[in-house]
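In this chain, numbering begins with 1 at the start of the sequence shown. Hydrogens, waters and symmetry mates play no part in the numbers below; they use all other heavy atoms, side chains included. Whatever order the structure lists ligands and atoms in, that order sets their numbers, starting from 1.
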Amino acid sequence: MNSSTAQKLAIQRTEKSRIDQVDFENLVFGNIFTDHMFECDYKDGGWHNPIIRPYGPLTISPAAKVFHYGQAVFEGMKAFKDDQGKVWLFRPEENYKRINKSCVRLAMPEFPRDVFFEALTTLLKMDKEWVIPGQGNSLYIRPFVIATQAGVGASPSTEYKFMILMSPAQAYYTGDVRVEIAEHFSRSANGGVGAAKAAGNYAAQFYPTNLAKDRGFQQIIWTDASSHEYLEEAGTMNVFFRVNDTLLTAPISDRILDGVTRKSVIALAKQDKIAVEERRVLVSEIVEAAKNGTLKEIFGAGTAAVISPVSAFSYQGQVYELKKPDDSYAAKFKQELMDIQYNRSEDPFGWRFEVC
Ligand code: COI
């Protein structure tokens with residue numbers, strides 16, 4: 001179901017902005033939120049009472065199904081301010097479609113398109129001052145849906161809350177990322193929820209990622225659950241391997257998130273006449289390429305992380321260091337993406353969405 005609420009968006013403004021209290025030079029990712037948030041409730045088969053109100057706590061039953069059965073999905077998107085002070089979103093339609101796909105997979109109701117875009121653009125207009133200009137600065141936007149019906153019966157909730165929060169952001173990873181290739185734990189399996197942006201997918205990664213962190217690695221590159229022979233994605237990012245001058249990345253499947261940055265990198269590579277292969281990538285071929293010097297780069301691609309170069313990977317106890325090449329594809333795609341996002345270049349793909 002994707003019915004409109006047909007209700008007017010209510011607006012309650014904060015009496016006093018908190019913006020003066022924020023140290024925009026030293027932001028930790030995702031810790032500070034803007035003055036307002038959006039909220040809309042699902043009940044009796046429809047979405048009701050869309051409202052933008054001051055950011056603040058919720059009152060919710062401790063029996064809400066989200067706490068017991070994890071019916072929760074989210075999105076990550078970004079707004080950018082250009083040098084003329086205009087605010088832009090990057091490919092918002094993709095996030096809108098994906099949150100609904102995630103909802104369907106978790107037996108949750110879809111959200112109406114018109115309400116999503118009205119809420120998003122109104123919120124951005126109200127909190128425009130929180131979008132800081134300059135390369136590397138952005139406003140990270142977090143739409144999410146949770147099951148709110150009180151009851152511990154193990155069945156889909158009949159009530160939900162859709163919300164949007166916004167958080168001023170700089171880099172997600174400071175510096176290059178060292179990764180470990182998964183040999184035991186798995187992120188997702190055939191027929192599972194790996195392709196959905198389900199909150200539980202992230203919870204399940206925390207324990208193995210903590211173990212990897214104790215060994216000096218920030219992220220895990222997940223492999224297929226059945227054989228651990230094929231490279232899939234890196235938890236908060238999709239992942240690309242450059243062997244000689246060809247880019248390799250795992251194809252989208254029901255185990256892998258259909259990343260917006262991933263598909264943008266593929267489109268940019270095609271435009272730049274760089275060969276891209278979306279195919280299953282064996283761990284052994286990447287290890288071999290690292291050994292024979294043909295592995296030039298590994299980089300992650302995601303909304304929060306943008307493009308994050310991987311400086312080393314570990315497999316079977318062996319660490320392979322990667323030197324940044326002079327003609328880095330990671331650096332090139334990051335610049336090309338940012339030039340489009342900050343309205344500094346042509347937008348041949350129509351990815352920019354003007355807000356205000
Ligand atoms: C994003 O890039 O939006 C993500 O989903 C990463 C997030 C878990 C911080």
#### Entry: Listed partners of E336 passing salt bridge (Lys or Arg N to Asp or Glu O under 4.0 Å), at least two apart
K332
### Query
Is the shortest heavy-atom distance from the side chain of V243 to the side chain of I286 under 4.5 Å?
yes
### Task
For F241, check ring-ring contact (aromatic ring centres under 6.0 Å, His included) against everything at least two apart and list the hits.
none
### Message
Any carboxylate oxygen within less than 4.0 angstrom of a Lys/Arg side-chain nitrogen, looking at R262 and E233?
### Response
no
#### Entry: salt bridge (Lys or Arg N to Asp or Glu O under 4.0 Å) involving E288 - partner list, sequence neighbours excluded
none
### Message
Can you confirm whether Y140 sits close enough to Y172 that some side-chain heavy atom of one is under 4.5 Å from a side-chain heavy atom of the other?
### Response
no
For ligand 1, which of its N or O atoms have a protein N or O partner closer than 3.5 Å, and how long is each gap?
{"from": "ligand 1", "atom 1": "2 (O)", "to": "T303", "atom 2": "N", "distance (Å)": "3.2"}
{"from": "ligand 1", "atom 1": "2 (O)", "to": "A304", "atom 2": "N", "distance (Å)": "2.7"}
{"from": "ligand 1", "atom 1": "3 (O)", "to": "Y140", "atom 2": "OH", "distance (Å)": "2.6"}
{"from": "ligand 1", "atom 1": "5 (O)", "to": "K197", "atom 2": "NZ", "distance (Å)": "2.4"}

